[in-house]
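Everything on this sheet refers to the single structure shown next.
Residue numbering restarts at 1 for every chain, and letters A, B, ... go by the order of the sequence lines. When reading the values below, keep in mind they use all heavy atoms of this one structure, side chains included, and skip hydrogens, waters and symmetry mates.
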There are 2 protein chains.
Amino acid sequence: MDSGKKYRETRQRKVILEELAKVTSHPSAEDVYEMVRRRLPRISLGTVYRNLEVLLETGKIQRLVSGASQMRFDGNAQPHCHVRCQRCGRIDDANLDELEAQLACLKEMGSVLARKTSFEIVGQSIEFVGLCPRCKKKR
Amino acid sequence: MDSGKKYRETRQRKVILEELAKVTSHPSAEDVYEMVRRRLPRISLGTVYRNLEVLLETGKIQRLVSGASQMRFDGNAQPHCHVRCQRCGRIDDANLDELEAQLACLKEMGSVLARKTSFEIVGQSIEFVGLCPRCKKKR
DNA sequence: GTGTCTGCAAACCATTTGCATCGGT
DNA sequence: ACCGATGCAAATGGTTTGCAGACAC
């Protein structure tokens with residue numbers, strides 16, 4: 001996964017990307033595996049995982065929030081924002097105390113979404129994703 | 001995990017909550033285990049997991065975005081918002097096309113955060129959390 | 001006393017990895 | 001021919017679960 005690697009265009013990689021493009025659901029790796037398998041019956045799950053990683057790295061696809069595989073908990077049950085470091089997983093609180101305007105805006109987004117998607121929004125668990133100061137340096 | 005259960009206040013549960021309240025980091029279950037173990041050396045990891053679940057359910061603590069344990073991918077590499085169902089994990093796109101105001105607001109939040117936290121914000125991976133139409137009904 | 005909770009260990013399941021081989025360039 | 005990519009299977013690691021005994025109410 002070195003950034004200095006020249007990736008090849010393999011049949012598998014191409015098909016995975018095509019299948020992902022066809023669909024507006026947000027499939028899991030296993031789902032992608034099933035989708036792709038209809039066209040490449042001999043592909044392996046491992047290959048799917050490896051290719052998803054490459055496609056992420058080359059910006060062709062997106063991984064939904066929470067790149068980290070392990071869950072994190074917060075003793076503060078109040079809804080608030082977080083910033084998560086893409087690279088090391090570090091999470092900071094985003095103090096929004098002084099950001100009345102932004103908070104109001106979030107609330108409004110919530111209600112707009114509720115209307116447009118018929119979801120009942122129970123909270124804004126919002127994470128911005130970025131690079132923390134330390135990882136920023138050593139890039 | 002039935003919602004019709006009367007939870008008891010056990011020593012373990014209390015200590016876990018206390019330790020979580022002490023701290024502004026966002027510990028993983030394993031981290032919580034280590035923290036609590038200093039006070040209750042015989043507690044087990046399983047107990048920590050079960051109690052975190054209960055504390056979530058009773059709203060005493062919060063779980064950071066992405067309640068689901070498996071990752072989801074998106075063929076659309078453009079930054080956009082999602083709504084995720086707390087109960088069944090279903091994810092919908094939140095079409096923000098018509099929401100110029102909100103999008104602008106998000107951008108501003110990003111830059112405010114960048115300033116306040118010294119993170120370099122690379123994208124707004126935003127998820128609202130709620131109940132999807134189906135799960136809303138059968139609650 | 002009843003029914004929840006605990007510790008322990010085994011089970012689970014998504015993801016990762018080692019290895020020999022294959023295939024793109 | 002080189003080196004990345006694949007298939008397969010085994011390993012990993014976070015989380016869950018079954019069970020017998022302990023504890024809260």
Exercise. By a strict heavy-atom criterion of less than 4.0 Å, which residues belonging to residues 36-47 of chain A are in contact with DNA chain D?
Worked result: A/R42, A/I43, A/S44, A/T47
Problem set entry | Nucleotide C/dC5, atom P - distance to CG of B/N51 in whole Å | 8 Å
Exercise. Are A/E57 and A/V54 side-chain neighbours, meaning at least one heavy-atom pair lies under 4.5 Å?
Worked result: no
Seminar exercise, completed: Of D/dC25, D/dT6, C/dA14, the nucleotide closest to the side chain of A/Y49 is C/dA14
Exercise. Nearest to the side chain of A/R50, which nucleotide is it out of D/dA5, D/dT6, C/dT6?
Worked result: D/dT6
Exercise. Salt bridge between B/E19 and B/K22, side-chain N to carboxylate O under 4.0 Å?
Worked result: yes
Exercise. Do A/V36 and A/Q12 touch side chain to side chain, with heavy atoms closer than 4.5 Å?
Worked result: no
Seminar exercise, completed: Here the pair of heavy atoms bringing B/Y33 nearest to B/L45 is CE1-N, 3.5 Å
Problem set entry | Rounded distance in Å - CD1 (B/I16) to C1' (C/dC5) | 11 Å
Exercise. Tell me, do B/R39 and B/E18 make a side-chain contact under 4.5 Å, heavy atoms counted?
Worked result: yes
Exercise. Quick one: B/L52 CG to D/dG14 P, roughly how many Å, whole number?
Worked result: 15 Å
For this session: Report the distance from atom CD of A/E57 to atom P of D/dG4, rounded to the nearest whole Å.
Result: 13 Å
For this session: Tell me which of B/R11 and A/T10 sits closer to the 5' end of DNA chain C, going by the nucleotide each one is nearest to.
Result: B/R11
Problem set entry | Name of the residue among B/L55, B/N51, B/L56 meeting side-chain contact (heavy atoms from CB on, under 4.5 Å) with B/E53 | B/L56
Exercise. Starting at CD of A/E53 and ending at P of D/dG4, how long is that distance when rounded to a whole Å?
Worked result: 17 Å
For this session: Could you state the atom-to-atom distance from NZ of A/K14 to P of D/dA5 in whole Å?
Result: 16 Å
Seminar exercise, completed: With the side chain defined as heavy atoms from C-beta on, A/Q12 is closest, among D/dT17, D/dT6, D/dC23, to D/dT6
Problem set entry | Per B/R8 side chain, nearest of listed nucleotides C/dG3, D/dT17, C/dG24 | C/dG3
For this session: Please state how far atom CD in A/E9 lies from atom C1' in C/dT25, giving the value in whole angstrom units.
Result: 12 Å
Exercise. In whole angstrom, what separates A/D31's CG from C/dT15's P?
Worked result: 10 Å
Exercise. Is the closest side-chain heavy-atom distance between B/L20 and B/L52 below 4.5 Å?
Worked result: yes
